[in-house]
Amino acid sequence: MASNLDNSKHGAVAAWAKRSYFAGRAVLETLLRPYGIGSTQWYVLYQLAHDGPTMQRDLLRLLQVERATLSGVVGALVRSGLVVQIADRIDHRQKRLQLTAAGTALWGTLPDPISLIHHAAFDGIDDADLEIAARVLRTATERLDALSRKGNKE
């Protein structure tokens, strides 16, 4: 279903970026559903599996999610026995997250949805075209982030 925004030069880029994001997210959710985890849970597990124990507050910036969202995601992972929260030695209010043995075992069985999505979406597309697309979207994102930060200061 096309909108009028799709017909403008800038609108088409934004509309297709949004559609691409949602299509990738749908694939991600479909791939993870049989394992009983969602996409944000997968990203938390990915972080812990690849970089080791991580402070929960650091995941807010890494995953770019709201504190309440992350709290719910982490709570579900803890209740599932996949992650444990360890109080920081200095500030007991801060929690370090770590995979449990069950979390490590689950991680070993999970597919790599990012690789699957990447291949499905980008195989056969010229590298130069991908570099241009990435540069344009990176620049647009940086500009919008700056505008958002400016708006928060006013």
Side-chain angles (χ1 to χ4, degrees), residues 1-85 95 97-100 102-149 151-152:
M1 170 161 66
S3 72
N4 290 336
L5 285 178
D6 293 343
N7 297 326
S8 74
K9 175 176 67 169
H10 296 20
V13 173
W16 283 112
K18 180 180 177 182
R19 288 180 185 180
S20 178
Y21 167 78
F22 282 123
R25 179 89 183 229
V27 170
L28 184 63
E29 296 289 345
T30 299
L31 290 171
L32 296 175
R33 190 172 298 118
Y35 300 91
I37 63 170
S39 59
T40 306
Q41 290 173 321
W42 183 88
Y43 281 111
V44 170
L45 295 175
Y46 175 91
Q47 173 65 28
L48 299 177
H50 287 274
D51 290 341
T54 303
M55 294 302 291
Q56 186 167 330
R57 68 172 178 257
D58 294 339
L59 289 174
L60 292 169
R61 179 185 46 80
L62 290 168
L63 302 180
Q64 297 184 339
V65 295
E66 298 293 326
R67 184 179 306 275
T69 299
L70 184 60
S71 293
V73 165
V74 169
L77 290 170
V78 168
R79 285 188 300 278
S80 298
L82 302 174
V83 169
V84 64
Q85 290 178 308
K95 305 295 183 203
L97 303 179
Q98 182 174 318
L99 284 178
T100 62
T104 301
L106 175 65
W107 183 256
T109 67
L110 293 174
D112 180 355
I114 303 305
S115 179
L116 293 169
I117 290 167
H118 185 284
H119 289 298
F122 303 117
D123 275 359
I125 297 177
D126 185 68
D127 286 344
D129 289 340
L130 291 173
E131 288 175 23
I132 291 168
R135 186 179 71 240
V136 167
L137 290 171
R138 181 176 48 253
T139 300
T141 301
E142 289 167 354
R143 289 175 178 178
L144 292 171
D145 284 345
L147 181 61
S148 177
R149 284 190 301 275
N152 288 336

Novice: Look at the rings of Trp107 and Tyr46 and say which category their plane angle falls in: under 30° parallel, 30 to 60° tilted, over 60° perpendicular.
Specialist: perpendicular

Novice: From Arg33 CZ over to Leu28 CG, what is the distance, rounded to the nearest 0.5 angstrom?
Specialist: 10.5 Å

Novice: Starting at CG of Leu137, measure out to CD1 of Ile132 and round the result to the nearest 0.5 Å.
Specialist: 12.0 Å

Novice: So, does Ser71 use its side chain to make a donor-acceptor pair with the main chain of Arg67 at under 3.5 Å?
Specialist: yes

Novice: Is a side-chain donor or acceptor of Ser148 paired with a backbone partner of Leu144 at a separation under 3.5 angstrom?
Specialist: no

Novice: Does any N or O in the side chain of Thr100 come within less than 3.5 Å of the main-chain N or O of Gln98, such that one atom is a donor and the other an acceptor?
Specialist: no

Novice: Rounded to the nearest 0.5 Å, what separates atom CG in Leu77 from atom CD1 in Ile37?
Specialist: 7.5 Å

Novice: Looking only at heavy atoms, which two atoms of Trp42 and Pro111 are closest? And how far apart?
Specialist: NE1-O, 4.0 Å

Novice: What distance do Leu32 atom CG and Leu110 atom CG have between them, rounded to the nearest 0.5 Å?
Specialist: 6.5 Å

Novice: Nearest 0.5 angstrom please: Thr104 OG1 to Leu99 CG, how far?
Specialist: 4.5 Å

Novice: Show the nearest heavy-atom pair for residues Glu29 and Ser39, with the distance to one decimal.
Specialist: OE2-OG, 2.9 Å

Novice: I'd like to check the side-chain hydrogen bond (donor to acceptor under 3.5 Å, both in side chains) partners of Asp51; sequence neighbours left out, ordered by chain and number.
Specialist: Gln47

Novice: Does any part of the side chain of Leu70, heavy atoms only, come nearer than 4.5 Å to the side chain of Val44, both counted from C-beta?
Specialist: yes

Novice: Please give me the minimum heavy-atom distance between Gly81 and Ala102, naming the atom from each residue.
Specialist: O-CB, 3.6 Å

Novice: Nearest 0.5 Å, please: how far is OH in Tyr35 from CG in Leu106?
Specialist: 8.5 Å

Novice: Does the side chain of Thr69 reach to within under 4.5 Å of the side chain of Leu63, using non-hydrogen atoms?
Specialist: no

Novice: Can you pull the side chain to side chain donor-acceptor pair (under 3.5 Å) pairs that have at least one residue in residues 124-147, sequence neighbours excluded?
Specialist: none

Novice: May I ask you to test the Leu116-Val27 pair for a side-chain heavy-atom distance under 4.5 Å?
Specialist: no

